Amino acid sequence: MRWRYRFVLLFYIFCFFATILRLAHWQIVEADTLSSIGESQYGRSITLSPRRGEIKTSDDFPVASNKLTYLVYANPKQINDIATTAQILSPLLEQDVASISSLLSMNRFWVAISPGVDYYKKQQVQRLNLPGVGFEEQYIRYYPEASVAAQLLGFVGKNDLGKSEGYFGLEGYYDRQLRGKEAKAVQIHDALGRPILARVQASPGGDDGRNLILHIDRVVQFLVEEELKQSIERYGAQGGTVIVMNPKTGGILAMSSQPSFDPHRYWGYEESVFKNPIVSSTYEPGSTFKPLIVSSALDAGVVTPLTKCTICDGPVPIGGYEIRTWNNKYHSGETVMETIQFSDNIGMVFVAQKLGLKRLLSYLEKFGIGETTGIDLQGETPAILRGPDSWYPIDLATASFGQGISITPLQLLSAFSTIANDGVRMEPHVVDKIETENGKVIPIPPQELSKPISAATARVMTEILVNAVDKGEAKWAKPKGYRIAGKTGTAQIPIGGHYDPNKTIASFIGFAPADEPQFVMLVIIDRPTSSIFGSETAAPTFFTIAKKILLHLNIAPTE
Amino acid sequence: MKKLLFLFTGLLSIIIVLTITRAVVSNTLSTSGIDLNRLDDEIHTYKRETALMEEKLLHAAAYTTLQEEAKKRGYEQATSQIILSSPIPMALNR
């Protein structure tokens, strides 16, 4: 009898523990699976978009931020009187009654009526207590300074999947950093599968986007934009660009192009205006290219500032063409320094012939001509530098004064800035630091690209450029009290195999203060009509901006 | 026999105690959802108000806005600047 008793007891104990193990299996091991099955029965997984990172100027002001708006949606199954609801919503949401009616007539549980509705309008709709109408929070991109630096910033649009994506400029280049990671959430359904209009709870795993902190100085950017717009109007030009850069770090302090666009309404503009011409368009730089050639010749030791030009008596015939000066004035025996001062094309041909094609191409490569600068903006195009076999004597001559060679404005500025930085070329960069969601700051250190010329050559070239500003064609526009190094440019525009006789690209490139440069700047005025010359259009624009920048940086006059 | 009885009684007691404990804890937690919801609503409200105020602040602090306001109030761009240099030392100032 005793063994039967024990057998039954053991059997019950076994059943008891087996039940406990089975319960442990379902509640611990299979917990996640059962939870997911349950969620899928009463809820639907939806994706919550992370908050896009901000783009801030150096003073921590967000020039690209996010604005709270609402998506007004409806559950057509819960709306009894479609016509009345549509008529009430139409004036508030600024949509026609027919569009809203057609949406509310759809055989769906959820339809989007109107995105981007601001908070106050949403309150007005909410107070009406319309059945079946709900609101979903959305953040849309907001640019507090409107179209300032539009091509630099880019804009946020929708991709093929309907998701927000950055295009052009910084929004495009840093889209992955700015975008962040999506989070998943569960939308609750009732027993009949109808979604419940309620706020969803996000599960952990999402990350908001990172913030970008730029080198851009908001004051300099603003005054550059204003002055450029005024200059384009004043000189009757088709457009213009200005770039200001710190030569010691490569940090871009300001970048502006006109015509521009409003990033809030980008769909109303042609695609051509989104391209940033500073990095995406090439042009023949004209006389602003001369400092690079003279620097190369000085560094190679083939000329000195006082070397006299032996061919500057008059026009020079080369390969069936005749090279002339811009004003048909010739200075016999002028020095290399005076070649820059007079912007004499013949003098430049002399310098280039002394340098020779092989050395010229070698120096241009060191200056970065023919390759991208590596700037952190979407759409940079490299200018092509032809191989030595493609060059004829006339090409060497015209390249010496910046014609017959095409580069982007940024490439020119980057190369020229070596003169302001003891011969060292720095990588241009717009973003200074990246800030994570947790507040951690990741700096982007300045990067040295090359050293095309020696520090001694850079100092000599600086004095030549200061002399050009003090005694050249643009001396009348120079602000008093400051030593500024610079060069004017009046470049003809190639059209269909020849040059347009009436239209030019007027430009001025320079840096200040000459002895301890704080900024280097390039101003381009595209096809001015009041005067075609850089000395009368781009140079005054440059000097006006330079004076304001010097005051902003609290740099007192030294002369 | 006594040991087995003791074992049974012990197990049964544990089950009863755990059941009562679960009932008490569930009962206490059941109303915390209301508090959590309320806190969640408050956080959401503060976040919304912060976002709206931030937008107003950015608009007010933008240079484009300040320029428009300055024009309305009659401010003009300065055409001349006065620069004060530091005074020369007294020993030289004779």
Side-chain angles (χ1 to χ4, degrees), chain A residues 2 5-6 8-10 12-13 16-17 20 51 54 56-57 59-70 118-120 122-123 137 139-140 142-148 198-199 201 218-223 225-227 230 479-482 544 547-548 550-552 554-558, chain B residues 1-15 18-19 22 33-34 36-71 75-88:
Chain A
R2 206 180 167 105
Y5 180 69
R6 280 188 186 169
V8 170
L9 178 65
L10 284 169
Y12 275 110
I13 290 171
F16 181 76
F17 280 109
I20 287 181
R51 201 168 162 179
E54 291 180 325
K56 304 180 187 180
T57 48
D59 61 344
D60 225 30
F61 182 87
V63 285
S65 185
N66 303 294
K67 185 172 148 174
L68 177 63
T69 61
Y70 292 86
D118 68 43
Y119 173 71
Y120 303 102
K122 174 245 181 189
Q123 291 283 81
E137 266 184 13
Y139 281 90
I140 61 169
Y142 171 53
Y143 302 93
E145 296 281 9
S147 60
V148 167
R199 195 172 63 248
Q201 291 292 330
R218 194 159 64 110
V219 171
V220 176
Q221 179 71 34
F222 190 78
L223 61 92
E225 295 260 349
E226 286 303 300
E227 194 53 44
Q230 285 173 21
K480 287 178 191 164
Y482 293 100
T544 305
K547 190 174 170 185
K548 289 180 180 176
L550 289 164
L551 284 168
H552 167 59
N554 291 325
I555 298 170
T558 50
Chain B
M1 185 66 182
K2 270 189 183 175
K3 277 184 188 171
L4 286 168
L5 191 64
F6 181 70
L7 184 65
F8 265 127
T9 313
L11 283 171
L12 198 60
S13 307
I14 288 169
I15 291 166
L18 286 174
T19 307
R22 191 179 77 168
I34 298 167
L36 278 173
N37 246 356
R38 185 180 52 79
L39 286 170
D40 201 38
D41 280 343
E42 272 183 44
I43 291 169
H44 188 75
T45 304
Y46 290 136
K47 278 187 177 172
R48 185 189 63 228
E49 285 173 10
T50 304
L52 291 170
M53 278 169 56
E54 195 181 333
E55 186 196 328
K56 279 187 189 165
L57 183 66
L58 288 180
H59 178 72
Y63 285 162
T64 352
T65 310
L66 291 171
Q67 189 191 39
E68 278 168 22
E69 285 297 314
K71 267 188 199 157
Y75 282 90
E76 287 175 3
Q77 207 171 46
T79 50
S80 63
Q81 288 84 26
I82 299 169
I83 295 159
L84 301 172
S85 57
S86 54
I88 50 175

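Owing to the predicted nature of the structure, the values given are computational and were not obtained by experimental measurement. Per chain, numbering begins at 1; letters A, B, ... match sequence-line order.
Using a 4.5 Å cut-off between heavy atoms, B:A61 touches chain A through backbone and side chain atoms alike. No part of B:L57 comes within reach of chain A, as not one of its non-hydrogen atoms sits under 4.5 angstrom from that chain. Only the side chain of A:E226 comes within less than 4.5 Å of a heavy atom in chain B; its backbone stays farther off. Contacts of A:Y139 with chain B are made by side-chain atoms alone, with heavy-atom separations under 4.5 Å and no backbone atom involved.
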- Message: One pair to check against side chain to side chain contact (heavy atoms under 4.5 Å, CB included): A:V148 and B:Y63. What are the steps and the verdict?
- Response: CA-CA 10 Å; A:V148 167; B:Y63 285 162; over 6 Å; no
- Message: Does B:R48 form a side chain to side chain contact (heavy atoms under 4.5 Å, CB included) with A:L68? I'd like the steps, not just the answer.
- Response: CA-CA 8 Å; B:R48 185 189 63 228; A:L68 177 63; 3.2 Å; yes
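Here the OG1-OH distance, from B:T64 to A:Y143, works out to 14.0 Å after rounding to the nearest 0.5 Å. Taken to the nearest 0.5 Å, the CG atom of B:L58 stands 11.5 Å off from the NZ atom of A:K67. Taking CD of B:E54 as the reference point, atom CD of A:E54 lies at 5.5 Å (rounded to 0.5 Å).
At a threshold of 4.5 Å between non-hydrogen side-chain atoms, the residues B:Q67 and A:F222 count as touching.
Contact count against chain B (heavy-atom pairs under 4.5 Å) is highest for A:V219 among A:N66, A:V63, A:V219, A:D118.
The heavy-atom pair separating B:A62 from A:P144 by the smallest distance is CB-O, 3.4 Å.
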